[in-house]
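The structure is given below, and queries will be raised subsequently.
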Amino acid sequence: PHFRTFTDTFQTCKVQGAWPLIDNNYLNVQVTNTPVLPGSAATATSKLTIIFKSFQECVDQKVYQAEMDELPAAFADGSKNGGDKHGANSLKITEKVSGQHIEIQAKYIGTTIVVRQVGRYLTFAVRMPEEVVNAVEDRDSQGLYLCLRGCPLNQQIDFQTIRSAQGTEGRARRKGPSLPAPPEAFTYETATAKCREKLPVEDLYFQSCVFDLLTTGDVNFMLAAYYAFEDVKMLHSNKDKLHLYERTRDIVAGNT
Amino acid sequence: CKILKCNSEFWAATSGSHHLGTEEAPEFCTALRAYAHCTRRTARTCRGDLAYHSAVHGIDDLMVQHNCSKDGQLFCFRGSVLNKASDKFVSCSSCVLSQFSSYTHCGLFGD
């Protein structure tokens with residue numbers, strides 16, 4: 001998937017299997033990513049688990065879990081708020097579009113989370129105060145988690161290289177065994193034209209859209225990029241930084 | 001090592017609590033958690049410092065005595081919350097961790 005981290009770095013990563021997105025004293029978020037095509041290095045999010053840890057006399061511990069084709073508008077125990085304590089409503093789930101879009105407000109930690117299912121896969125976006133991001137028991141021994149530190153180098157994909165190769169070839173196919181031919185072959189030109197319909201600014205969301213169409217042929221990924229940018233517009237605190245154009249460059253040479 | 005600063009903040013926060021009865025436990029626990037948080041922040045520079053290790057053990061004992069959980073509010077104590085930007089206490093409402101000064105965003109999408 002494509003990641004925009006707390007520090008506005010932007011990466012495209014393999015991160016197949018279960019990975020932590022967020023881990024602090026109040027919140028734990030974990031995703032599971034699966035290959036979009038058999039044998040593909042490109043993965044998308046098929047499962048998401050969010051644990052809101054209990055918060056003194058305010059909210060009980062609550063678990064939210066979404067999977068492919070199952071985006072509930074309730075926590076795992078069936079409730080829609082933080083329990084029975086007096087501050088229970090400082091945590092609540094709102095269904096925006098049935099089965100497609102939910103929003104979780106955790107007011108006690110100033111946090112908003114948006115989860116969507118677009119096509120078969122999930123998207124995630126969060127707005128979180130720096131105080132909460134930094135609320136960890138021991139920062140020195142803080143484990144790796146993707147929203148804070150991004151992907152490990154060996155998990156990063158250099159999609160510019162792939163784009164260049166595809167641009168040269170003029171076809172939506174990669175040489176080599178890692179990415180088989182997508183079901184619907186976009187050329188670079190048809191992919192950019194398709195993405196421009198929803199993403200007129202040629203920023204990294206646009207480029208991600210092109211990458212996804214080229215690697216999968218699934219037009220739902222165009223919508224995923226579009227909604228990811230809509231969520232940034234709603235959740236990002238600095239309106240001057242919505243569009244990103246330069247990717248993080250710390251790629252291992254020859255990684256892809 | 002800034003353990004004395006942690007000590008004085010804790011005693012300032014709890015001064016006037018001559019008898020910490022059960023009705024005061026939630027607020028006392030909040031102060032204890034803030035105290036524990038402070039000691040953790042200074043842990044690296046305080047290794048081997050007797051006052052530091054005494055404080056850490058003392059906090060653990062008090063946590064048990066007052067049946068305090070280690071999770072929960074850190075900074076909201078007696079209606080006041082530590083504003084990290086100004087390093088001053090300002091009023092807060094219950095069930096709010098802190099008064100937040102700045103926000104970050106993280107997103108994940110696509111393949």
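Given the structure is predicted, the values throughout are model-derived calculations rather than measurements. Residue numbering restarts at 1 for every chain, and letters A, B, ... go by the order of the sequence lines.
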Under 4.5 Å from any heavy atom of chain B - which part of T5(A):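 Just its backbone gets close to chain B.
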Does the side chain of T123(A) pick up a donor-acceptor pair with the side chain of D231(A) at under 3.5 Å?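 On atom types as modelled, these side chains do not qualify, holding no pair under 3.5 Å.
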Donor-acceptor pair, T42(B) side chain versus K2(B) backbone, under 3.5 Å? yes
Looking at D61(B), I want to see if its CG is surrounded by more than 12 non-hydrogen atoms of other residues, nucleotides or ligands under 6.0 Å.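 Enclosed: over 12 neighbouring heavy atoms sit under 6.0 Å from CG of D61(B).
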Would you say the side-chain atoms of K107(A) pair up with the backbone N or O of N89(A), donor to acceptor, closer than 3.5 Å? no
For the aromatic rings, using the six-membered ring if either is Trp, is the centroid distance between F221(A) and Y121(A) under 6.0 Å? yes
Work out which heavy atom in Y226(A) is nearest to a heavy atom in K198(A); give both atom names and the distance.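 Y226(A) and K198(A) have their closest heavy atoms at CD1-O, 3.5 Å.
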At a heavy-atom separation under 4.5 Å, does V36(A) approach chain B through its side chain, its backbone, both, or neither? side chain
Lys/Arg-Asp/Glu bridge criterion (N-O < 4.0 Å) met for D218(A), R120(A):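 Result for this pair is no, no salt bridge flagged.
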Could you tell me which portion of V232(A) (side chain, backbone, both or neither) has an atom closer than 4.5 angstrom to a non-hydrogen atom of chain B? both
Non-hydrogen contacts under 4.5 angstrom with chain A: give the residues of residues 49-59 of chain B involved, or none if there are none.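 Listed by number, there are no contacting residues, so the answer is none.
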Proximity breakdown for I113(A) and chain B, heavy-atom pairs closer than 4.5 Å: neither
Is it true that Y205(A) and H2(A) have ring centroids separated by less than 6.0 Å?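 Ring-ring flag for Y205(A)/H2(A): false, centres at least 6.0 Å apart.
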Chain B contact via S237(A) - side chain, backbone, both or neither, heavy atoms under 4.5 Å: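 For S237(A), the contact with chain B is made by the side chain alone.
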